[in-house]
Asks: 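Quick one: the structure is below, questions incoming.
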Amino acid sequence: EAVVLQKRSARLESDTVDPELDNSIQLPYPQNANDELAINEEVEQIMGEANQDDFNVESVLQAVVVKSSRMSYNNCNVLFVQYLYASREYQKFLSDFAIVSFDVAEQEDSNRGDTSKKRLRKAIKDSILFTKDEHTSPVRLKDLTFQVFASYIVSRRNLKTGSYLSISSYEKFRTSLMNLYRDANVQMDEDMYSKLVTFMTGMKRTIARKKQQLGEDTSEGKNPMSLQAYKLMCDILMKSNHPEDIFAHCFLTLEWSLMA
């Protein structure tokens, strides 16, 4: 039994850690003061590089939404906050610090004769970008009502024709608001969420009916590629003298096969 225990002990000491199972930093045990100093310097260097990677809680939370989508959401929310600020009735849904900041920016625009209100829009956008919780949000999200946001959506029209926007545009306004709730770490009221879902369904039918009455195309998005168009593109790519079209032809045929 003693021999068996001795063999097991020797085997455990000789085993090495699988690097795929242990990704922690492995450093040698210091033998003297110089070794300890060298190891400390190495640790500081590794930690410095880790900090430069910007891998922290905030960056991970921000990565929930891709950068391009986040920019689009922020731009939509700028329009909504500007709508609230322009109405004396709806300013009560804005935070006090936000109103002060917007007043200063609007006054500066007025002094410079800037009718585009560039500084006001920038102040609004900055307040949205700096939103970390409900206390830093420019909108009092817990007080916001369905009626206020619904009236904002209905007010959004095509500036040139005055007609409704596409349903995807209105959906983006709703998604943008939900992203603001997420950034502020505030749970949207279930009743408001349910009403928004129902409202967007009604908007979709209303827009489709209006377009049908005006004789406009009610379809949205991209049309599916027909077999004739696929064959034509394959023929053009096959006859092309450009090297990159070889890859394009390969990619097209693979995608078509996956779709089929």
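Atoms considered below: every heavy atom in the structure, side chains included; atoms not considered: hydrogens, waters and symmetry mates. Note that the structure is a prediction, hence the values are computed from the model and not measured.
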Asks: To the closest 0.5 Å, what do you measure between CG (Leu252) and CZ (Phe247)?
Replies: 11.0 Å

Asks: Is atom CE of Met225 surrounded by more than 12 heavy atoms (other residues, nucleotides or ligands) closer than 6.0 Å?
Replies: yes

Asks: Linking I/L/V/M/F/W/Y whenever any side-chain heavy atoms sit under 4.5 Å apart, do Phe251 and Met233 land together?
Replies: no

Asks: Charged N to carboxylate O below 4.0 Å: is that the case for Arg119 and Asp126?
Replies: no

Asks: Provide the closest heavy-atom pair for Ile128 versus Val78 in the form atom of the first, atom of the second, distance.
Replies: CD1-N, 3.6 Å

Asks: As an exercise, state the distance from CZ of Arg156 to NZ of Lys172, rounded to the nearest 0.5 Å.
Replies: 12.0 Å

Asks: Taking atom types as modelled, find out whether Gln107 and Asn111 have a side-chain donor-acceptor pair closer than 3.5 angstrom.
Replies: yes

Asks: What are the two closest non-hydrogen atoms of Cys250 and Thr253, and how far apart are they?
Replies: O-OG1, 2.9 Å

Asks: Does Met238 sit in a hydrophobic cluster with other residues, and if so which ones, taking ILVMFWY side chains as linked at heavy-atom separations under 4.5 Å, directly or through other members?
Replies: none

Asks: What's the spacing between Asn179 CG and Ser72 OG if we round to 0.5 Å?
Replies: 10.0 Å

Asks: Transitively linked via ILVMFWY side-chain contacts under 4.5 Å: Val197 with Tyr170?
Replies: yes

Asks: Return the NZ to CG distance between Lys132 and Asn185, rounded to the nearest 0.5 Å.
Replies: 12.5 Å

Asks: Search all heavy atoms of Met203 against all heavy atoms of Ile153 and return the closest pair with its distance.
Replies: CE-CG2, 4.2 Å

Asks: Centres of the Phe173 and Phe149 rings: under 6.0 Å?
Replies: no

Asks: Give a yes or no on whether the backbone of Tyr164 and the side-chain of Arg157 come within a donor-acceptor separation of less than 3.5 Å.
Replies: no

Asks: Do the side chain of Tyr73 and the main chain of Leu180 share a donor and acceptor less than 3.5 angstrom apart?
Replies: no

Asks: Could you give me the CA-CA distance, side-chain angles and deciding distance for Tyr90 and Leu144, then say whether side-chain contact (heavy atoms from CB on, under 4.5 Å) is met?
Replies: CA-CA 9 Å; Tyr90 291 157; Leu144 188 64; over 6 Å; no

Asks: side-chain contact (heavy atoms from CB on, under 4.5 Å) between Thr145 and Lys195: does it pass, once the steps are laid out?
Replies: CA-CA 10 Å; Thr145 64; Lys195 287 181 178 179; over 6 Å; no

Asks: What distance do Ile99 atom CD1 and Phe97 atom CZ have between them, rounded to the nearest 0.5 Å?
Replies: 10.0 Å

Asks: Counting only N and O atoms by type, is there a donor-acceptor contact under 3.5 Å from the side chain of Tyr181 to the main-chain atoms of Leu141?
Replies: yes

Asks: Within the structure provided, determine whether Lys125 and Asn75 are in side-chain contact (heavy-atom separation under 4.5 Å).
Replies: yes

Asks: What's the verdict on side-chain contact (heavy atoms from CB on, under 4.5 Å) for Leu177 and Met188, showing C-alpha distance, side-chain angles and the deciding distance?
Replies: CA-CA 10 Å; Leu177 178 66; Met188 180 181 287; 4.3 Å; yes

Asks: Could you check whether any side-chain N or O of Ser110 sits under 3.5 Å from a backbone N or O of Glu106, counting only pairs where one atom can act as donor and the other as acceptor?
Replies: no

Asks: Would you tell me whether Ser194 and Asp191 have side-chain atoms, one donor and one acceptor, within less than 3.5 Å of each other?
Replies: no

Asks: Where the side chain of Ser87 meets the backbone of Leu84, is there a donor-acceptor pair that is under 3.5 Å apart?
Replies: no

Asks: Between Phe199 and Phe146, is the ring centroid distance below 6.0 Å?
Replies: yes

Asks: To check you understand the geometry: which heavy-atom pair defines the closest contact between Glu134 and Val186, and what is its length?
Replies: CB-CG2, 3.5 Å

Asks: Restricting to salt bridge (Lys or Arg N to Asp or Glu O under 4.0 Å), what partner residues turn up for Arg121, sequence neighbours left out?
Replies: none

Asks: Between Ser151 (side chain only) and Val148 (backbone N and O only), is there a donor and an acceptor less than 3.5 Å apart?
Replies: yes

Asks: Using the side-chain contact (heavy atoms from CB on, under 4.5 Å) rule, take Phe80 and Ser176 through it: C-alpha gap first, then chi angles, then the decisive distance, then the call.
Replies: CA-CA 10 Å; Phe80 176 52; Ser176 300; over 6 Å; no

Asks: Any idea which heavy atoms bring Leu196 and Arg174 closest together, and the distance?
Replies: CB-CD, 4.1 Å

Asks: Tell me if a side-chain donor or acceptor on Ser95 pairs with a main-chain N or O of His135 at a distance below 3.5 Å.
Replies: no

Asks: Taking all non-hydrogen atoms of both residues, which atom of Phe102 and which atom of Pro138 are closest, and how far apart?
Replies: CZ-CB, 4.4 Å

Asks: Nearest 0.5 Å, what's the CG-OG1 distance between Leu129 and Thr136?
Replies: 11.5 Å

Asks: OH of Tyr152: more than 12 outside heavy atoms within 6.0 angstrom?
Replies: yes

